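Here's the structure, in structure tokens; my notes come after.
We name chains A, B, ... by the order of the sequence lines, and we start the count at 1 in each one. Just so you know, these numbers come straight off a predicted model, no measurement behind them.
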Amino acid sequence: MRRSIGTTAVAAALALAATACGGDGGGGDGESAGAAGGELSGTVTFWDTSNETEAEVFQALAEAFEDEHEGVTVEYVNVGFDDAQNRFKNAAAANEAPDVMRTEVAWVADFASLGYLYPLDGTAAVENQDDFLPTPWASTQYDGQTYAVPQVTDTLALFYNRALLEEAGVEVPESLDDVVASTDAFDAVGATPLYVRGDDPYWFLPFLYGEGGDMVDAEAQRVTIDDEAGVAAFERMQSLVDSGAALTDTSDGWENMMSTFADGEVAMMINGPWAIADATTALGDDLGVAPVPAGGATQASPLGGWNYGVYAGTPEADASFEFVRYMSSAATQQRVTEELSLLPTRASVYDAESVQANEMVQFFKPAVDVAHERPWIPQAQSLFDPLRVSVQAMLTGSASPADAAADTGDAYRDILEDWQ
Amino acid sequence: MADAVTPPGTVPARAAEAPRGARGPRRRADAPPGRLRRRLSTYWYAWAMVAPVVAVIGVIIGWPLVRGLWLSLTDADEANVERRIGVNRIEATYEFVGLDNYLDVLRDDVFWDRLGWTVLWTVACVGITFTLGLTLATMLNRAFRGRTLYRMALILPWAIPAFVSVFAWRMLFNERNGILNGVLGNGGIDAVPWLSDPTWAKVSVIAVNVWLGVPFMLIAMLGALQSIPAEQYEAAEMDGANAWQRFTNITLPGVRPVAMTVVLLSTIWTFNMFPVIFLLTRGGPAGSTDILVTEAFRLAFVSSPRDFANSATWGVLILLLLVLFALAYRKALRKQGEVW
């Protein structure tokens, strides 16, 4: 059969173009709606983004909701953290989103600005509002309304290997200068002081805040990453690597950080409460946690954490509100802390005996109290990609710290139109 | 296609119609329905056979393409496209902006950087894959013990889903505890930053793509080789041609038609090889391995608000480049006398 190669090529190219536009499906359809005579019924679909260790606990907790409300079925779905934001957005725009979504603190403004989240002020979802810690609560606000309820809060801290520090005769460092000063001591015992992630810009934030800088000043609508403090932060990271005080990779950072820390190749790493379970498995009692080392100006790390959001188009609003209330209640939060050492978002939970006795909570609570809030703007998440590219460019030697800071600033001004 | 199944008997019908049409002004009121009915009655079977294909192609290719073209001429992003949230429907509010998106992209250095690397990546991958595939095929195209085993082993990469192999490669390439650096370390060679250095990352992605692409080339070339009549080789041997002469004068011309097709297909696939790049390096470090499609993906799915218009613009430009390439390729083939 004779066939035009041009047509074949066009058809092949088209087929490829078409396959690139796959859609994500999501289930959020319940059969019956709302409360009938005070008793809740329906199916609440809950998308959880927690990691493997955490997922078991959250699934059990979510499904325990069925015991309290016989008419309600909870459909628990674990979605990968990496693409959860996009999957939710795709599903939400097509009315296929889950009823309840575990929403990262920086996603709330993004989802809310697109109209995907249910305003929760005055609904059953928000119970005893004053009990929530002020910083996590701030992340649920957008445009003067409440769009989510805090689940867990977190921040970054310094994880250290007690045995290695003792062997090298080094005190827990309070500043990055201390870290650099300890290089020789650790070298003598065959270790490097610190692991620095070069592939994930979130881990760059302690350096940035430590020099007194920030990504943007949301109130003044100004980009601040390329000011003096921003450049200093890039320089600080580069000098840590250059001086041999830190190991870094621009790919596979998480795996390499966890394995080098577990093997004792590095004595310290910067990490969050979500790594406590894994790090404890690796080091046991040798694991110590301290505040992030200070930069030239101060000691600060970013506020992270998760919230529960309710999809604006949910047909099961009442059951969903009740589910969120239950999941964010003091009793549930206490169980999460007992089993996973994650930090509760309710002040009252910190009074519970089991929580007070938790070593990780004892450390992380003061750190969270002074954690640096991130800009709660819809574009918050897209500020990371340019930063990642610039940090990689600097670490691979294709840009100076000053250029890296300037490039990031330019990219931010493209993303945030009309900002200075 | 419709012509191919035209039943006999069509020609008399047309012939009968012609003189009537030529005789003075046609009465428009009844002529068209008559023709339509006649056409339907003669071709209905062909149309019925073609309809599903047309419908499917229209839905899965035509509509997305037209929509993509349209979006590239607007300022659409996720904040202004139509959305359905529960019972509410938010209408689309994006506007037509003409060719602004194209001008912006073409004026941007990023596009030309990515294009340069994409071309290099495609040429390197296709060139190496083809050479390896042809070499291996020539080696396997003879009878020897364990031939089936060899063939199976070489086709194996094809039997594994691409993303699985890419993840496996990523573990091999890991700078600190990957097997590759472990082996090099035992040989006293310093660790190679496979995925962390811009140049090495480029080498790594090409290596993985070649590994993935060789089986296809191998099978295609093996098929081509087996279609070359053995008599030609025998005759050449009788004439005293050595192995190299037999290869250049019989094998190469013999596999040419197949080679041309697979090179074209392979070029198109490699040009748009999203999974290898994205899963291995995410385009990093610092965008050094980003090809055009991964950049388009970033615009559509990573930035927030997701920029559908710009992403569509990149998509259309990629399509145009591939179509231009295919046309040029075809012209070059024509010049060399290939009947395609």
Side-chain angles (χ1 to χ4, degrees), chain A residues 2-6 8-18 20-21 83 85-86 89 92-95 97 110 113-116 198-199 247-252 255-256 259-260 263 265 311-315 378-382 385 388-399 415, chain B residues 57 60-62 64-65 68 78-79 81-88 90 170 173-177 193-198 201 260-261 264-265 268-269 272 274 280-282 284-288 293 296-298 301-306 315 318-319 322-323 325-327 329-330 333 339-340:
Chain A
R2 195 178 162 279
R3 209 172 191 187
S4 153
I5 191 177
T8 318
V10 172
L14 288 181
L16 278 163
C21 323
D83 60 347
Q85 191 184 9
N86 274 323
K89 285 203 221 176
N95 198 22
D110 187 19
S113 71
L114 295 167
Y116 295 154
D199 64 331
L247 284 184
T248 189
D249 292 287
T250 53
S251 64
D252 285 337
E255 289 82 359
N256 289 339
S259 66
T260 48
D263 300 344
E265 279 177 60
Y311 178 48
T314 175
Q379 298 90 345
Q381 203 63 20
S382 51
D385 203 53
R388 182 180 61 81
V389 170
S390 296
V391 168
Q392 287 183 340
M394 176 184 76
L395 291 177
T396 54
S398 57
I415 295 168
Chain B
I57 290 181
I60 67 168
I61 295 175
L65 178 71
E78 69 179 331
V81 295
E82 182 188 299
R83 278 161 287 158
R84 255 178 344 111
I85 302 169
V87 289
N88 297 327
I90 301 174
R170 205 171 126 160
F173 278 136
N174 188 302
E175 192 183 333
R176 298 195 190 283
N177 29 30
W194 294 109
L195 301 175
S196 296
D197 174 80
M260 290 302 172
T261 321
L264 176 73
L265 280 178
I268 293 171
W269 288 338
N272 279 339
F274 179 81
L280 207 60
T281 65
R282 298 235 153 191
S288 57
V293 272
F297 175 86
R298 197 190 307 291
F301 299 110
V302 176
S303 62
S304 172
R306 295 180 290 171
I318 293 169
L319 179 65
L322 285 177
V323 170
F325 167 77
L327 292 177
Y329 191 83
R330 182 191 184 203
L333 285 189
V339 276
W340 264 55

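Interface remark: A:L247 contributes backbone and side-chain atoms alike to the contact with chain B (heavy atom separation under 4.5 Å). Using a 4.5 Å cut-off between heavy atoms, B:R170 touches chain A through backbone and side chain atoms alike. Using a 4.5 Å cut-off between heavy atoms, A:A393 touches chain B through backbone and side chain atoms alike. With a 4.5 angstrom heavy-atom cutoff, A:T260 touches chain B only via side-chain atoms.
Within the model, atoms OG of A:S113 and CD of B:E78 stand 7.5 Å from one another, a figure rounded to the nearest 0.5 Å. Here B:T281 contributes atom OG1 and A:Q392 contributes atom CD; the two are 9.0 Å apart, rounded to the nearest 0.5 Å. Taken from OG in A:S251 to CZ in B:F173, the straight-line distance is 10.5 Å, to the nearest 0.5 Å. If you take NZ on A:K89 and CZ on B:R306, they are separated by 5.0 Å, rounding to the nearest 0.5 Å.
Scanning both residues, A:T396 and B:S196, for their nearest heavy atoms gives CG2-O, 3.0 Å. Residues A:G115 and B:I85 share a closest heavy-atom pair of O-CD1, 3.1 Å. The shortest heavy-atom contact between B:P285 and A:T250 is CB-OG1, 3.8 Å.
Side-chain contact check for A:N256 versus B:N174: some heavy-atom pair is nearer than 4.5 Å. Residues B:R282 and A:D199 form no side-chain contact, since every pair of their non-hydrogen atoms from C-beta on lies 4.5 Å or further apart.
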Is there a side chain to side chain contact (heavy atoms under 4.5 Å, CB included) between B:R176 and A:D252 once you walk through the steps? CA-CA 10 Å; B:R176 298 195 190 283; A:D252 285 337; over 6 Å; no
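Side-chain N or O atoms of B:R83 include none that pairs as donor or acceptor with a backbone N or O of A:Y116 at under 3.5 Å.
Chosen from A:V389, A:D249, A:D385, the residue pairing most often with chain B at heavy-atom distances under 4.5 Å is A:D249.
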